[in-house]
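Remarks on the structure that follows.
Here the structure is a predicted model, which is why all the values come from computation and not from measurement. All values below come from the heavy atoms of this structure, side chains included, with hydrogens, waters and symmetry mates left out. In this chain, residues are counted from 1 in sequence order.
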Amino acid sequence: GYQGMVDGGDNIVEVSWESVSSILQVGGTVIGSARCKSFRTREGRLQAAYNLVQRGITNLCVIGGDGSLTGANLFREEWSGLLEELAQKGKIDQEAVKKYAYLNIVGMVGSIDNDFCGTDMTIGTDSALHRIIEVVDAIMTTAQSHQRTFVLEVMGRHCGYLALVSALACGADWVFIPEYPPEEGWEDSMCVKLSENRARKKRLNIIIVAEGAIDCHNKPITSEKVKDLVVQRLGFDTRVTILGHVQRGGTPSAFDRILASRMGVEAVLALLEGTPDTPACVVSLSGNQAVRLPLMECVQMTQEVQKAMDEGRFVEAVRLRGRSFENNLNTYKLLSHKKPDAELPKTNFNVAVLNVGAPAAGMNAAVRAAVRVGITEGHKMFAVIDGFEGFSRGKIKEISWGDVGGWTGQGGSILGTKRTLPAKYLEKIADQMRTNNINALMVIGGFEAYLGLLELSAAREKYDEFCVPMVMVPATVSNNVPGSDFSIGADTALNTITDTCDRIKQSASGTKRRVFIIETMGGYCGYLANMGALAAGADAAYIFEEQFDIRELQANVEHLTEKMKTSIQRGLVLRNENCNENYTTDFIYQLYSEEGKGVFDCRKNVLGHMQQGGAPSPFDRNFGTKISAKAMQWISKKLKETYRKGKVFANTDDSVCLLGMRRRNLVFQPVAELKNETDFVHRIPMEQWWLKLRPLMKILAKYKTSYDVSDSGQLEHVAMHSPKEAETGAI
């Protein structure tokens, strides 16, 4: 860190391609980081400036939290003064002062707390959530066995992000965060809630406490205090677990690797385009879009949050944290506390939820959110077992608030899912809709769900029963649904692929000079192969969207042959299952084996259905929960709009929608309009955002290729969003 910049000497070294090889999967930081007292003094910064000038360095990329970034900005402001002082002391000549006249700075936010304003996700947050969720999942099994209450303390001295999102992701009973202290008398309401849950046969209670949690008088709420309260008032067997530094450790998640790789490119582009007049900026992600923001605006806003909290302006603090934080909080409040039946509105609408297509991790979280939001909005919720096929057979039942408890962390599809399309059962499904008086449909699934909705809306002319609001939430590991950048389940699959590749790389490094060919799922969609390759540091990824021929295969083999002459003697190649009907995994394996004779040997690995299984990742739980809650609110709105003369009648295109994440926002798009964006033969969208990241993977694998910079972030200002905007579409 800055200590190395002040000390100079061997602490500043030139790095080569090979020196950063194999660090992608390593947690923490291999170049070390230190809190540096001397950099806070002008003398320290003077010494640092001298060390940089000696080496002709005038560009700095700082990866750290708000402290490190504020320090960098100060260093930049003082730069010319520091050089003048060095010249006066005779340490450098006037020539150097002119030559190195200005310092360019770009920041990347690396902080597990996600406490930096202006950025949706900081590097490291997702991995910390993985650690927390692993612990919560493990604790849940022991707590269920013993009927215990667990109080979990997570990091976040000034920011409740980790606590809030992990509470969302595991369906915790109560959460304490610094930005949103509980109301007076929270002790009573918490104990009432816990005992109600016990009465409802819920065998475990989980309470999550951020280490900086406070009450509305700014007094700390500690995990011990919460435990004592539960023991004294309720006599429950209660344990405290403090997660501590576990949260900073472990290998980075797939999301963090891709985020950090994208940010790294942005940082370099920002430095290349920087002039003495451009303000120091941070590169960040807004939704799924890379952006650049003035560093000091972000720092000031981050400090504003703290100030608002100190002065007890908590509503303001939550708003300053940004729309993503506010959305998380609102969703948590919606889903965790059931109002007494007497207080719930009664709409007399019946809404059915079903899963369609192959199982995807996070489907259950989406069903849970839909059911609970639906009940809160006053509807009667119905669950359909086994997709459209089950629907036609009348496998449909009312589902209550308690029925979906504990579903968030479960993989697969509890309701059961089938790939069957509705076309051949139209009459039977219409009968079931009429019999059960279903006024709206929510379909959670993959490409079949999309086709299914197209079929149902086409059948509206014949069957009035289908003239109801219908919404689809994309859930498939393949991430091949048009109208959405992400689908539920893809992140979990990506983590499975990444973990497996890490292990395989380790095995390959041990044997030396070995190349692995790994086949991933995805149908014709290359998302998993491409992003898996980026996250695992692969040498190539073969996908259907980018046609390849024998010349390309040959170039890849030659590339690997060259690589084996260096100190990195292993190779990793990913292949999407349907990328080419003739260049099969076996063919590529045999080709590589033959061409690599005497230089490297080959192994192949088909990952198969393990990509569909496993407990959902924090991202999928959270994304599934939020997108599904939003879809349910849309249904309520549509039901009100289309209710005429005692019945619901919706037959316009905009009453059959798909809710997708597009760049920065969640948008409802009529499925009819998405038809033009779909390649139905190969079941993929015609345009896919992640193809822009293809060159990045190649560059990182040392191929000479050009990177399209037109999509890089432009400098924007940190937007103070209005409360209204929080509802529109942030994730």
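Applying the ring-ring contact (aromatic ring centres under 6.0 Å, His included) definition to pairs two or more places apart or across chains, those involving residues 636-659 are Phe349-Tyr643. Residues in residues 455-483 take part in these ring-ring contact (aromatic ring centres under 6.0 Å, His included) pairs, two or more places apart or across chains: Tyr463-Phe466. Residue pairs meeting the salt bridge (charged side-chain N to carboxylate O under 4.0 Å, His left out) criterion with at least one partner in residues 420-441, sequence neighbours excluded, are Asp431-Arg434, Arg434-Glu465. A salt bridge (charged side-chain N to carboxylate O under 4.0 Å, His left out) check over residues 339-351, counting only residues at least two apart or in different chains, returns the pairs Lys338-Asp341. Residue pairs meeting the side chain to side chain donor-acceptor pair (under 3.5 Å) criterion with at least one partner in residues 412-423, sequence neighbours excluded, are Asn355-Ser413, Glu389-Thr420, Arg419-Glu448.
Considering only residues two or more places apart in sequence or on other chains, Trp690 meets the side-chain hydrogen bond (donor to acceptor under 3.5 Å, both in side chains) condition with Gln688. A search for side-chain hydrogen bond (donor to acceptor under 3.5 Å, both in side chains) contacts involving Asp653 returns nothing, not counting sequence neighbours. Residues passing the side chain to side chain contact (heavy atoms under 4.5 Å, CB included) test with Asn436 are Ile396, Gln432, Ile438, sequence neighbours excluded. The side chain to side chain contact (heavy atoms under 4.5 Å, CB included) test applied to Ala167 returns Ala172, Val175, Ile208, Tyr332, not counting sequence neighbours. Tyr161 is linked by a side-chain hydrogen bond (donor to acceptor under 3.5 Å, both in side chains) to nothing, counting only residues two or more places apart in sequence or in another chain. With sequence neighbours left out, the side-chain hydrogen bond (donor to acceptor under 3.5 Å, both in side chains) criterion links Asp403 to Ser400.
Side-chain N or O atoms of Asn197 include none that pairs as donor or acceptor with a backbone N or O of Leu204 at under 3.5 Å. Put simply, the side chain of Arg575 never gets that close to the backbone of Glu519: no donor and acceptor are under 3.5 Å apart. Although no hydrogens or angles enter the test, the distance criterion places a donor-acceptor pair under 3.5 Å between the side chain of Asp620 and the main chain of Gly489.
In this structure, CZ on Arg368 lies 4.0 Å from OG1 on Thr408, to the nearest 0.5 angstrom. Here Leu168 contributes atom CG and Ser336 contributes atom OG; the two are 8.5 Å apart, rounded to the nearest 0.5 Å. Going from atom SG of Cys657 over to atom CE of Met470 covers 11.0 Å, rounded to the nearest 0.5 Å. Here Cys170 contributes atom SG and Ile132 contributes atom CD1; the two are 9.5 Å apart, rounded to the nearest 0.5 Å. Taking OG1 of Thr642 as the reference point, atom CG of Asn651 lies at 10.0 Å (rounded to 0.5 Å). With rounding to the nearest 0.5 angstrom, the CG atom of Leu415 is 8.5 Å from the CG atom of Leu354.
A donor-acceptor pair shorter than 3.5 Å cannot be found between the side chains of Ser484 and Ser487. In summary, the side chains of Asn288 and Arg262 do present a donor paired with an acceptor at a separation below 3.5 Å, with no hydrogens or angles considered. Counted by atom type alone, Asn350 and Asn439 present zero donor-acceptor pairs between their side chains at under 3.5 Å. A donor atom on one side chain and an acceptor atom on the other are found under 3.5 Å apart for Ser636 and His379.
The side-chain heavy atoms of Gln633 and Glu377, taken from C-beta on, include a pair separated by under 4.5 Å. Between Asn330 and Lys626 the shortest side-chain heavy-atom distance does not fall below 4.5 Å. When side chains are defined from C-beta on, Val384 does not count as touching Lys397, because their heavy atoms never get closer than 4.5 Å. Contact check for Ile133 versus Ser166: side-chain heavy atoms found under the 4.5 Å cut-off. Phe325 has its side chain out of reach of Tyr180: every pair of non-hydrogen atoms, C-beta onward, lies at least 4.5 Å apart. No side-chain heavy atom of Ile627 sits less than 4.5 Å from a side-chain heavy atom of Met661. Contact check for Ser655 versus Arg460: side-chain heavy atoms found under the 4.5 Å cut-off. Contact check for Leu574 versus Ile497: side-chain heavy atoms found under the 4.5 Å cut-off.
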Compile the donor-acceptor pairs under 3.5 Å between side chains in residues 607-614 and protein atoms, sequence neighbours left out, one pair per line.
residue, atom, partner, partner atom, Å
Gln611, OE1, Met521, N, 3.1
Gln611, NE2, Gly608, O, 2.9

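Below 30°, between 30° and 60°, or above 60°: for Phe623 and Phe486 the angle between ring planes is above 60°, a perpendicular geometry.
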- Should Tyr542 and Asn580 be marked as a side chain to side chain contact (heavy atoms under 4.5 Å, CB included) after you check the CA-CA gap, both sets of side-chain angles, and the distance that decides it? CA-CA 9 Å; Tyr542 298 117; Asn580 187 306; over 6 Å; no
Residues Tyr524, Ser478; criterion side chain to side chain donor-acceptor pair (under 3.5 Å); working and verdict: CA-CA 9 Å; Tyr524 285 97; Ser478 308; over 6 Å; no
| task | Could you go through the side chain to side chain contact (heavy atoms under 4.5 Å, CB included) check for Leu639 and Thr347 one step at a time? | result | CA-CA 9 Å; Leu639 283 169; Thr347 60; over 6 Å; no
Query - Derivation and outcome, side chain to side chain contact (heavy atoms under 4.5 Å, CB included), residues Ile543 and Leu691 - result: CA-CA 10 Å; Ile543 60 171; Leu691 282 167; 3.8 Å; yes
query = Which is it for Met263 and Leu285 under the side chain to side chain contact (heavy atoms under 4.5 Å, CB included) test, yes or no, and what are the steps along the way?
reply = CA-CA 8 Å; Met263 294 302 101; Leu285 205 57; 4.0 Å; yes
Starting from the C-alpha separation in whole Å, work towards a yes-or-no answer on side chain to side chain donor-acceptor pair (under 3.5 Å) for Ser127 and Asp256.
-> CA-CA 7 Å; Ser127 302; Asp256 268 335; 2.6 Å; yes
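Considering Asp126, Asp137, Asp491 in turn, Asp137 is the only one that fulfils the salt bridge (charged side-chain N to carboxylate O under 4.0 Å, His left out) rule with Arg621.
Two rings, from Trp401 and His337, have their centers 6.0 Å or more apart.
Closest approach of Phe255 to Phe619, counting heavy atoms only: CE1-CE1, 3.9 Å.
Comment: Glu326 does not engage Arg323 in a salt bridge, judged by the lack of any side-chain N to carboxylate O separation of less than 4.0 angstrom.
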